[in-house]
Each structure stands twice: as structure tokens, then as C-alpha cells.
There are 2 protein chains.
Amino acid sequence: MEKKNSGTVGVKEIARLANVSIGTVDRVLNNRVGVSEKTKAKILKIIEELDYQPNIFARRLASKKKLRFATLIPQVSDETKYWAAPLNGIQQAASEIKDFGIEVIPFFFDQNNRASFLESTAKIIPQDFDGILMAPMFEEESIVFIQQCNDRKIPLVFINSDIPGYNNLCYIGPNLYQSGFLSAHIANYLTPASKKILIVNISKEIDLHHHLLRKEEGFRNYFEQNGSKNQLTKIDIQQTDYPHIEQKLSQQLAKDQYNVVFVTNSRVATVAKYFEEHKIEGIKLIGYDFLEDNIHYLKNKTIDFLICQKPQEQGYRGLMSLYYHLVLHANIEKEQFMPIDIITKENYQYYSN
Amino acid sequence: MEKKNSGTVGVKEIARLANVSIGTVDRVLNNRVGVSEKTKAKILKIIEELDYQPNIFARRLASKKKLRFATLIPQVSDETKYWAAPLNGIQQAASEIKDFGIEVIPFFFDQNNRASFLESTAKIIPQDFDGILMAPMFEEESIVFIQQCNDRKIPLVFINSDIPGYNNLCYIGPNLYQSGFLSAHIANYLTPASKKILIVNISKEIDLHHHLLRKEEGFRNYFEQNGSKNQLTKIDIQQTDYPHIEQKLSQQLAKDQYNVVFVTNSRVATVAKYFEEHKIEGIKLIGYDFLEDNIHYLKNKTIDFLICQKPQEQGYRGLMSLYYHLVLHANIEKEQFMPIDIITKENYQYYSN
DNA sequence: ACTAATTTCGTGTACGTTACCGTTAACCAA
DNA sequence: TTGGTTAACGGTAACGTACACGAAATTAGT
């Protein structure tokens, strides 16, 4: 009934109804000190009744508050360009929230070098950021860093991989186990009932290995749960150069006749290259990630399926979550699992990372 | 060099440099009349040099401009809840741009009733909206409406289906042909080299049929291009009630032993129901859309694959495109094809429409 | 009861734009 | 010359919020 005026209720209206000045209203809105419990209650009640929504434009215009976020992810390397996508998402988010007074400063580390991770964290800590987005790939070193952030009450979001149990704002990334499970589901469609499947892990660092193991676990469990008679074999390849991978694959493929090869990460292109060079046909190949090299082999049918989990969106939503949490005081879903996308020769053109 | 002051350049600074008042600067910014060519050029030059970006917050705060958008899509029916998703996306977009002075008014029509479509368009036209989002399902009637909008210079965006050649802002939706093509690609993986495939169209309205035919075309062409020896059969079912569908299916399935059934729209759940009730096993089933009923049969393995094209995002991006075009004067991609997502029992949990 | 300290509150200005109103000057017709 | 018309521009009050400053009211200390 009482809204005959032009729609908008603001601090002015609230102040009028409460018989105080807008200054006082402002104090309770931004819960600053200097207002008695009594008037505070009165004002809150009115705010409640009016369902007052502060005008975000006026707020931003008047505020000179600034926030600074840090991001810490692997640098994109020649070996794998995977991290170009999350970085891209980060940059997009950064440009979107720039106008809201948020500055984003990126830090990087070398995936194959724990020391470089420590270097970056050492640079980040003294700068007292208001929020941090990170890919906690090195578990041990990450935990130390996380502890330091917790002490300073700096909200933290993880992308791409999680360290469960460590308190932080949220995790945004794949459900690794389930993505392995899905891969097995697809593998299961591909060939006759009883098949020989080779699982290939290609990775240097033991921590990343951990990452791959969860996928493998999902992959294996699928067949266990479905009581299949498939034969699963695994090889670990700990050098990522082609000659070494070539040798290992030759060695393994000589042992048996496989129907499906499942590569647990984006290195699947290297295996595809091997297939192509050695004229291996009839083996279905499944791997990970929407990368240029992988798409190349998807197009020429060497790779059959790629599993992809929106790396760009991980970066984007990661930063946005910090923003929503810190600026809009929204509460954030603790575990945000990315969709598990299935990419083939016939739909990659329309895929958006 | 010249920016020693605190970062922000605004109309005031521009006015100072041009020796005019901010009023004049405002006029050239919003290209209104009332400023000489000479001073206009001078001001534009300064704007260029300073790379002036107007402060969106101040702009919104001071502006009392209002825009009204209309949306016209099918009402969600019991038969298929597909349109709940686009509507959802529309509502989400509407709430996001509400603060920017944009009001969104939804209109609906009955998919099985051309007259209801005409009724809605008749209501829309006199209201002089600033932009319209629509699903142009009835081609003939739509074209008349489009013409009226063009005459009034009202920007139009299409979602879900396109009427190529008719000028409008953009189309956001599936590439139907390609989604059929992909379905064939998947079907091709599912069973032995030489298979019998049944294509099922279930639809009342002839115009929607057109929609389905494009998928069928993609589906067929895949096999043609790949020189397969598969045998493709098609049935059209023009009544959507279960008894009728049941009868038609029984009739058809008695004729032959099929390996794969491809349903060209979201009615796949009905076919799945038939499979379940008649204890039909061993036939792979592929269909469309992330609907509750379909997911049910996906879970219990009656349906093998669902193709889905982010219906919610279609609505969301549709409205946003109008906003970007009209408010931010961004130029919009004419054809925005949705990703073609493959949903199975093992990844539907993480799918986001 | 008087001062000092502290809490509570009101006022004014700033943020960058928009939009309107008013002013100037230039031009043309009578 | 005068009066009227109009193009070109200046000035300024909003818009709703943040924040600093200072006034007023309350409490504490003697």
C-alpha cells in the first residue's frame, strides 16, 4: 500500500521512515559501528519490510573500495597447452569485474618444478591479497600455502584439482573418478563384449600421477561393477618425450592385441601420433582435453573420443566465485563439478570450452 | 605521458581539454543534435586519444531510459516439458538485466495451435517493444510477424529453430543437420558393421516435422558419406498418445530385427516406455533432450544416448544478445550454434542445460 | 553538578553521467 | 534597426550511495 512513489526505495526513504538520517541507515547497512542497538533494530526491520535492495550502480559509483585477487596456475608450456584455457577464462572474468574495482594479478609456476611453485607462493603471501585462485597441483607445498592463507583469512578457490578436507571457499573442476567411469562406459560400447583394454598414464610428476590414478580408479570400477570379463592392462610412462613414449608403446603393444586404449590425460595426441606413424588401425583411442593436437587426431579419426571438462569455465567461474563471495556476500557451492563432455569428430566444431 | 591524474578520464576531463562544457561532450557521446561538426570532430579526437570508456555505473544511475523486450515461445505442456528450460534461461537473463532498466514480458503459444500463435503476435505488435525473442515454429505465420517487426525496425532474435534468409538480429540454437550427423556417428559405434536402423519421427504439426527432417537428413547423409551398408528405415507417427505410438511401433518392429532406433526428438521417452513394457532388449536407443522422463530411461539403460543442445542457454543468450545489441551496441554473431552435447547414464548428473 | 570521554547521529560533499533548462550568438525577414 | 527563430553550447540538479567531519547526546569520572 505504502508505495505510491516511483518504485525505488533507497536509504533516503528508509531514513525517513525510521526518523533518522541517511548516515545512520548507511551505518547499519554496511554494519559499521556507531549506532545503538535500538535504532539498528528499527532500521533493520524497515529494511526487511521494504525488501530493500541497494542500488549496485550508486554503490559502485560512490565506493572507492578496491579488491585484489591473485591467481596461481601452471604456465602454459609447449608440452601441453592445457592451461591456456583456464588462463583465458581467468582473463575474461578479470575484464568483466574490473569495473567493479577488482584487480587480478596472475602468478604462474612450472608443472615440472616444485621449487617454482614455492617461489610464486612466496611472492603472493606478503602482498595480502583479498582472494586467491589456485591449482593446488603439488599437494605438500600447497598445504603449507593454504595454511598461511587460512591464518590470514584469505578466501581460496581451487580449480582443476582438489585437496579434499582443506578448508577453502570452493573447488571448481572435474570429478575425476566419474570421468574415468564415463570413459569406461564409452569404451564398453566400442567393441565386442570381451575386450582387451590398455590404460596409459603419461606423466612425470608423481603428484599429477595422483590425479590420473583417480580417473583410472573410476575406469576400472566401472568394469568391476558391471561384472565384465574385460582384460585391463596399465602402463606408466614417466618420460614425456616422444621417443621414449614410442618405445614404451611398441614394447607394450607387441605383448598383446588391444581393442581400446585409454589415455588418462591430454597426452593422448602423442599416442595418436604413434598410431599414425606405425599404421596401427582398429584400436579405439580415448583421451582427454580439447587441445589443438588432440583435435587434429580426432578429425582424422585416430582418436575416437575426447573427454573434456570446460577448462576455460573453470578459470572463469573460479574468479567469479571469489567475486560473488567477497562483493555480493553470496554463499558459494563448496564443490562445483564441471560437466563431463564427450567430444567426437562430429561435434567438436561447436564445443565451447 | 599526459595522465598524471588519478586514472579516470570522464566527460569533465574531455570537456576541459576541448574547451567546451560537459553538456557538449554529452551530446557527441550520445550523438544527439546540437553540436557543430568542428567541435564534434575535436571532441571525438580527444575521446579517441584518451580511449575514454564511459562509466557504466554513473550512466545507469543517471539514465532513466527504459527498454522493453517481449519473448514468444511455446508454453510448457504436459506432453513435453522441453520449453521449461528456455523459459528458465529467459527468466534468469531477465533478472540479470532488470537493474539495467530492462523489462521483459513473456508471451506464449500452443505448439499444436497456429491460431494461438497469431493471437500472441497480435498482442505483441501494438505494444511497440524494443526487442523481441521468439521461437519461429510456424513458418508461414512467423514470416508475417517478422515482416511487421522489420517494418517497425524492432530487432528480433530466433531461438531453437531458424527461418533462414529472414533478416533479424541472430539465431541461437542447434545445427539440426549436424546433430543428426553426430547421432549417426554414435549409432555407428554401437553395433556390428552392418546394422539395421530405424528412424522414428513423432510429431503432430507439419512445421515441426520440418525441424525433424533436417536431423534425419544429417543422420542419413552420415551413412551415405561413410559408404556404409546399413539399412535405414523410417516411420512417421503423427499422433502423440501412447496407445497410438505403441501400435505403430509394434507394427514396425514386427517387420524386422533392428539394432538401433533413433528418435528424432524428445519423445524418445515414449519409445523407451514401449521398450520397457514389451521387454525389448538389445536395441540401442538414441534420442533428444535432457528431460526428466528421458533421464529416467537413461538411468535404467533403456535409452543409451541423449543428444542435448542447452535449451536453457538458448533462452539466456537470446535475451542477452538483445541487451548487448541495444544497450552496448555490440555486434552480434548472426548464427550462434549450440554445442551438441552427448548425455549418457554416466555423465547426466553433471550436465548443465 | 561539572567536565571529559565516548557513543550516537546529522550534514555535506563526492562519484561520473544524464537530461533538462537557459543562455548566447548568428541569421533572416520585415 | 528590430524582432523572432534557431543552432550551438553552458550550467546544473538529479541519480543513490559512501564517507569524512563535526555536532549532539549519552555515559563515565570526579
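From a predicted model like this one, the values you see are computed outputs, not experimental measurements. Below, chains carry the letters A, B, ... as their sequence lines are ordered, and counting in each starts from 1.
Nucleic acid contact class of B:D26 (heavy atoms, under 4.0 Å, all strands): base. No contact: A:R60 has no heavy atom under 4.0 Å from any strand. Using a 4.0 Å heavy-atom cutoff across all strands shown, B:V33 reaches no nucleic acid atom at all. Nucleic acid contact for A:G34: base, since at least one base atom lies under 4.0 Å from a heavy atom of the residue. When heavy atoms are screened at a 4.0 angstrom cut-off, B:L29 is found touching no nucleic acid atom at all.
Between B:K64 and B:S36, the residue whose closest nucleotide on DNA chain D is further toward the 5' end is B:S36. Residue order along DNA chain C, read from the 5' end via each residue's closest nucleotide, puts B:Q53 first among B:Q53 and B:R27. If A:I56 and B:K40 are placed on DNA chain D by their nearest nucleotide, the residue sitting closer to the 5' end is B:K40.
Within a 6.0 Å sphere centred on NZ of B:K38, heavy atoms belonging to other residues, nucleotides or ligands number 12 at most. Heavy atoms of other residues, nucleotides or ligands lying less than 6.0 angstrom from CD of A:E333 number 12 at most. Other residues, nucleotides and ligands place no more than 12 heavy atoms under 6.0 Å from the CD atom of B:E48.
OP1 or OP2 of C:dG10 has at least one side-chain nitrogen or oxygen of A:T24 nearer than 4.0 Å. The side chain of A:N30 places an N or O atom within less than 4.0 Å of a non-bridging phosphate oxygen (OP1 or OP2) of D:dA18. Side-chain nitrogen and oxygen atoms of A:T39 include at least one within less than 4.0 Å of the OP1 or OP2 phosphate oxygen of C:dC9. An OP1 or OP2 oxygen of C:dC15 is reached within less than 4.0 angstrom by no side-chain nitrogen or oxygen of A:R59.
Distance CZ (A:R32) to P (C:dC9): 14 Å, rounded to an integer number of Å. Note: CZ (A:R16) to C1' (C:dG10) measures 17 Å, nearest angstrom. Summarising the geometry, the separation between CZ on A:F100 and P on D:dT17 is reported as 16 Å, rounded to the nearest angstrom. Whole-Å rounding puts the B:K65 NZ to D:dC15 P distance at 18 Å. B:I22 has its CD1 atom 10 Å from the P atom of C:dT18, to the nearest Å. The separation between A:N55 atom CG and C:dC15 atom P is 18 Å, rounded to whole Å. Between the CD1 atom of A:I47 and the P atom of D:dT17 there is a distance of 10 Å, rounded to whole Å. Atom CD of A:E37 is separated from atom C1' of D:dT26 by 16 Å (rounded to the nearest Å).
Under 4.0 Å is where a charged nitrogen must lie from a carboxylate oxygen, and between B:K45 and B:E49 at least one such pair does.
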Pair B:F100, A:F57 - check ring pair (Phe, Tyr, Trp, His ring centres under 6.0 Å), show working.
CA-CA 9 Å; B:F100 291 80; A:F57 303 102; 5.0 Å; yes
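Closest contact between the side chain of B:S21 and the listed nucleotides D:dG11, C:dT17, C:dC9 involves D:dG11. Relative to the side chain of A:A58, the nucleotides D:dT17, C:dG16, C:dA19 differ in distance, and D:dT17 lies closest.
Ring geometry for A:F138 versus A:F109: interplanar angle of 30 to 60°, hence tilted.
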